[in-house]
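Beneath this line is the structure, given in structure tokens, with notes to follow.
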Amino acid sequence: MDTALEQFADLDGRLVDAAKDIKVLSQLAWPAHVGAEFLAGWHAGDPRLPAVEPPRVRFDSNIRALASIMRECDRDHPVGRYLYRTARSYKLAAAMIEQAGTPEFTARSIELYGGPRDPVGPGQVSNLSAAEQFLALTDDFRAEGYIPEQEFSVSPEQAADALRQRISPVFGDLPIAVVIDPDMAAKAAAGPTRVRLRGATCFSTYDVAQLVEHEVFVHSLTALNGREQPHVRSLGLGAPRTTATQEGLATFAEMITNAIDLARLRRLALRVKAVDLALSGADFIDLFRFFHDAGQDPGESFHSAARVFRGGDVAGKVVFTKDIVYLRGLLGVHTFFLKAIQSGRPELLHHLFSGRMALGDAIELDPFFRAGALAPPRFEPAWVKSRATLAAFLIYSVLSTSLRLTGVELTDFAVDATDMAT
């Protein structure tokens, strides 16, 4: 197996080099002053569409290098297919960024991340309908106080300190820096060497717990493990094709560690709805009002709307669709976990933490993990290390999901005469 992988070493190294300049989120980020200006107008009763120039960058040499790698990949070999797909996703991402502000930007975005009306899994349920069903199911809980008002009292500096305290015992001699970035639209972003937190904002205690499990113990951890691979170091890349799996893993991590709450899950569903509204012609102010009416404060409503229009057109229809991957990724990862357990393949769960990969990669590359040519994860989150607990949760989930709610009513559980017999 080692010998088989050596033939791909040159392509793998060239892929890492060609991809390093293609950083989608940072290249689409809005300047910090845009938010301050919009919110000043909003509070004054005169909201105006933000004035944001799309990035003007070229990736000619990167695209040529990626195209060359794609041509040379042996797609009859599992590693060759992995390298081809990864190079292709970076080539698409580069073309997308180059076309920022145009309808082609949105077309490439949908090709990379999907659209809100795409089906989720093999069924006929779309991303949008799944989000709408979730929002409808949580409406009653919202009315009954299950989504309390959160106190955003944790400063970025305090949040950074809390993350550092959790990071140090896990990663030891591979420290991850935590820095504050005033220009971020997302609350956080993570790579193998640092985690960035949004400045000029405050966090809740739930936010901090979610950031630890989501950003550090999934995004940073898988990137670090990928960099540690002896042969295929491109597993340390955050290739766009792995985004849905990465965000699904990270959101599942929030769920299984009890770091998530209904407000967070509603935000993920609202993002899908917002992308669909923007694709249908809603402008930035429409989306700002949509999030504000859904209960977000003005600052968070601005950032939520800005996420959708990064690289797009604030007048509507030209949008960035990445935000649909959170809910779709969560459903996909959970289903994958259940099928792996049902099929007696628990090792596939651990493969996913050996680098940044798509779900299918864990299956295709399994022979190389079994042979030791690909390394198992050096670092794993605590909930993954606790194999017995994780297995118990997933095995119960397999059983419970095989029981259908169709045809079952709450009245079926009512007390009957035999219960009352003495």
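What you see below is based on every heavy atom in this structure, not just the backbone, and it leaves out hydrogens, waters and symmetry mates.
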**Asked** Quick one: do the E247 and H214 side chains pair a donor with an acceptor below 3.5 Å?
**Response** yes
**SB check E228 R378 (cutoff 4.0 Å)** = yes
**Prompt:** Hey, does D313 have a side-chain heavy atom less than 4.5 Å from the side chain of F105?
**Reply:** no
**Message:** Any heavy-atom pair between the side chains of F290 and K273 that's under 4.5 Å?
**Reply:** yes
**Item:** Note, T106 side chain near I110 side chain (heavy atom, < 4.5 Å)
**Value:** yes
**Asked** So do the side chains of S234 and L83 get within less than 4.5 Å of each other, counting heavy atoms only?
**Response** yes
**Message:** Rounded at 0.5 Å granularity, tell me how far CZ in F141 sits from CG in L265.
**Reply:** 12.0 Å
**Prompt:** Do S126 and S129 meet the criterion of a side-chain donor-acceptor pair at a distance under 3.5 Å?
**Reply:** yes
**Message:** For the aromatic rings, using the six-membered ring if either is Trp, is the centroid distance between F252 and W383 under 6.0 Å?
**Reply:** yes
**Prompt:** Looking at CG of L249 and CG of L352, how far apart are the two atoms once the value is rounded to the nearest 0.5 Å?
**Reply:** 5.5 Å
**Message:** Using the rule given for salt bridge (Lys or Arg N to Asp or Glu O under 4.0 Å), can you reason through E111 versus R241, listing the C-alpha separation, both sets of side-chain angles and the distance that settles it, and then say yes or no?
**Reply:** CA-CA 10 Å; E111 193 171 355; R241 63 181 289 269; over 6 Å; no
**Message:** Does any part of the side chain of F369, heavy atoms only, come nearer than 4.5 Å to the side chain of H350, both counted from C-beta?
**Reply:** no
**Complete:** Nearest heavy-atom contact between E364 and P78 is O-CB, 3.6 Å
**Prompt:** Between the side chain of T222 and the main-chain N/O of G355, is any donor-acceptor distance below 3.5 Å?
**Reply:** no
**Cationic N near anionic O, under 4.0 Å, D276 to R271** = no
**Complete:** Looking only at heavy atoms, the pair that brings S220 and V195 closest together is OG-CG2, 3.6 Å
**Asked** To the nearest 0.5 Å, what is the distance between OG (S304) and CG (L287)?
**Response** 9.0 Å
**Straight-line distance of L235 CG to Q229 CD, nearest 0.5 Å** = 5.5 Å
**Asked** Going by heavy atoms in the side chains, are K339 and V398 under 4.5 Å from each other?
**Response** no
**Prompt:** Hey, mind stepping through R108 and E98 against salt bridge (Lys or Arg N to Asp or Glu O under 4.0 Å) and telling me if it holds?
**Reply:** CA-CA 10 Å; R108 299 290 80 74; E98 288 186 345; over 6 Å; no
**Request:** Look up atom CG in N127 and atom OG1 in T321, then write down how far apart they are to the nearest 0.5 Å.
**Result:** 9.5 Å
**Complete:** Heavy-atom nearest pair, T86 first then S89, reads O-OG, 3.0 Å
**Message:** Between D139 and R266, does any NZ, NE, NH1 or NH2 come within less than 4.0 Å of an OD or OE carboxylate oxygen?
**Reply:** yes
**Request:** Say whether Q246 and H219, considering side chains only, have a donor N or O and an acceptor N or O under 3.5 Å apart.
**Result:** yes
**Message:** Just so I know, are the side chains of L359 and F337 near enough to count as touching, which here means a heavy-atom distance under 4.5 Å?
**Reply:** no
**Item:** F203 versus A159, closest heavy-atom pair with distance
**Value:** CD1-CB, 3.9 Å
**More than 12 heavy atoms from other groups under 6.0 Å of CZ on R88** = no
**Request:** Decide yes or no on salt bridge (Lys or Arg N to Asp or Glu O under 4.0 Å) for D12 and R14, but give the supporting numbers first.
**Result:** CA-CA 5 Å; D12 180 68; R14 286 160 56 192; over 6 Å; no
**Request:** Assign the ring pair Y113 / F320 to parallel, tilted or perpendicular, where the plane angle (0 to 90°) is split at 30° and 60°.
**Result:** perpendicular
**Request:** List the steps and the verdict of salt bridge (Lys or Arg N to Asp or Glu O under 4.0 Å) for R81 and D74.
**Result:** CA-CA 7 Å; R81 287 194 294 274; D74 175 6; over 6 Å; no
**Asked** Are side-chain heavy atoms of S109 and K322 found at a separation under 4.5 Å?
**Response** no
**Asked** What pair of heavy atoms forms the shortest contact from T257 to E254, and how long is it?
**Response** OG1-O, 3.3 Å
**Request:** Answer yes or no: does atom CZ of R48 have more than 12 heavy-atom neighbours from other residues, nucleotides or ligands under 6.0 Å?
**Result:** no
**Asked** Is a salt bridge present between K187 and E215, judged by a nitrogen-to-oxygen distance below 4.0 Å?
**Response** no
**Message:** Can you confirm whether or not the ring centre of F368 sits under 6.0 Å from the ring centre of H231?
**Reply:** no
**Prompt:** Below 4.0 angstrom, N of the basic side chain to O of the carboxylate: do E213 and R166 qualify?
**Reply:** yes
**Prompt:** Between Y90 and A239, what is the shortest heavy-atom contact and its length?
**Reply:** OH-N, 3.3 Å
**Asked** So does E300 pair up with R267, basic N to acidic O under 4.0 Å?
**Response** no
**Message:** Using 30° and 60° as the class boundaries, would you call the ring planes of F309 and F284 parallel, tilted or perpendicular?
**Reply:** tilted
**Asked** At what distance, to the nearest 0.5 angstrom, does OG1 of T201 lie from CD1 of I180?
**Response** 11.0 Å
